[in-house]
Amino acid sequence: MANVKPRVKVPKSANAGEVITIKTLISHPMESGQRRDKEGNLIPRQIINSFKCEFNGTPVFSCDIEPAVSSNPYFEFKARVPESGEFKFTWVDDDGSVYEETKKIEVK
Amino acid sequence: FAATTSLSFPVLAANDAQDIINAFTGGAEAGEGALTLDAPEIAENGNTVPIEVTVDSPMSEDDYVEAVLIVADGNPNASVATFHFTPMSGEALASTRIRLAKTQDVIAVAKMSNGTFAMDRKTVKVTIGGCGG
């Protein structure tokens with residue numbers, strides 16, 4: 001899908017073992033499959049159906065998403081940072097598209 | 001007597017929220033207190049209602065929250081989202097924004113790594129529904 005832009009906020013650095021807050025937002029209409037067009041036909045569902053966050057390859061947080069999640073799905077969650085490394089974020093669209101973003105973090 | 005008895009039956013929900021909860025818990029009892037669901041009392045716009053779940057847990061390797069199920073008992077489909085946590089989460093906290101078609105209860109159920117469950121629910125009054133076109 002065009003115009004899908006992931007945005008992620010992760011602190012640039014943390015102390016070893018610190019629990020940080022991560023905020024993510026991805027621009028997406030999240031068409032629920034409940035709406036009808038002007039002719040009364042159902043508009044087919046097309047949503048982001050899953051999101052996951054990994055740190056250096058280890059799962060941190062993930063979410064199964066239903067049409068009841070608002071457009072431009074936003075998630076805020078926590079992560080423990082044991083060492084310097086990279087967070088990887090992955091969103092999966094109903095149409096099979098996969099959107100990815102990565103953020104590095106430095107342990108002081 | 002029959003009339004008195006029927007009053008104690010739960011009010012039939014508008015959708016299959018209870019079935020989804022039962023499938024998640026396997027029918028186990030869910031305690032209260034460990035899980036807090038934050039949602040506004042009144043949502044002017046049902047298209048984007050902020051919710052936050054927090055579970056009291058050490059989030060250690062042998063004692064953590066595995067998942068939190070969110071359902072809404074007055075939407076066309078009860079399912080909203082399921083959050084999956086790991087010990088790497090550090091804290092069992094997550095927030096997102098959801099759609100509510102009308103005034104209803106939002107229910108959160110947490111599954112702990114030791115196989116127990118916790119539940120919380122909030123009624124959200126919705127002024128403008130979030131499901132139509």
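Residue numbers start from 1 in every chain, and the chains themselves are labelled A, B, ... in the order their sequence lines are given, proteins ahead of strands.
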Crowding at [atom1], [X] (>12 non-hydrogen neighbours, <6.0 Å):
X: B:Glu32; atom1: CD; answer: no
X: A:Lys88; atom1: NZ; answer: no
X: A:Lys12; atom1: NZ; answer: no
X: B:Glu44; atom1: CD; answer: no

Between A:Arg80 and B:Gly90, which heavy-atom pair has the shortest distance, and what is it?
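Shortest heavy-atom contact: NH2-CA, 3.7 Å.
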Give me the atom names and distance for the closest heavy-atom approach of A:Cys63 to B:Ala81.
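The pair with the smallest heavy-atom distance is SG-CB, 4.0 Å.
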Give, as side chain, backbone, both or neither, the part of B:Ala94 having an atom under 4.5 angstrom from any heavy atom of chain A.
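When you check distances to chain A, atoms from both the backbone and side chain of B:Ala94 fall under 4.5 Å.
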Donor-acceptor check, side chain of [X] to backbone of [Y], threshold 3.5 angstrom: yes or no?
X: B:Thr48; Y: A:Ser70; value: no
X: B:Ser89; Y: A:Val60; value: yes
X: B:Arg97; Y: A:Val69; value: no
X: B:Thr82; Y: A:Asp64; value: no
X: B:Thr96; Y: A:Tyr74; value: yes

If I measure from the heavy atoms of chain B, does [X] come under 4.5 Å with its side chain, its backbone, both, or neither?
X: A:Thr24; answer: neither
X: A:Ser62; answer: both
X: A:Ile20; answer: neither
X: A:Pro73; answer: neither

What about [X] and [Y], same hydrophobic cluster or not, with Ile/Leu/Val/Met/Phe/Trp/Tyr joined at side-chain heavy-atom distances under 4.5 Å?
X: B:Val109; Y: B:Leu100; value: no
X: A:Phe55; Y: A:Val107; value: yes
X: A:Val10; Y: B:Phe85; value: yes
X: A:Val4; Y: A:Phe75; value: yes
X: B:Leu69; Y: B:Val49; value: no

For chain A, which residues of residues 50-64 of chain B have heavy atoms nearer than 4.5 angstrom
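Contacts with chain A: B:Pro58, B:Met59.
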Hey, mind stepping through B:Val80 and A:Glu66 against side-chain contact (heavy atoms from CB on, under 4.5 Å) and telling me if it holds?
CA-CA 5 Å; B:Val80 174; A:Glu66 303 290 339; 5.5 Å; no
Side chain proximity check, [X] to [Y], heavy atoms < 4.5 angstrom:
X: B:Phe83; Y: A:Phe77; result: no
X: B:Arg99; Y: A:Met30; result: yes
X: A:Pro82; Y: B:Met88; result: yes

Roughly how far, to the nearest 0.5 Å, is CG of B:Asn77 from OG of A:Ser32?
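Output value for this atom pair is 9.0 Å.
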How far does OG1 of B:Thr86 sit from CD of A:Glu54, to the nearest 0.5 angstrom?
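If we round to the nearest 0.5 Å, B:Thr86:OG1 and A:Glu54:CD are 10.5 Å apart.
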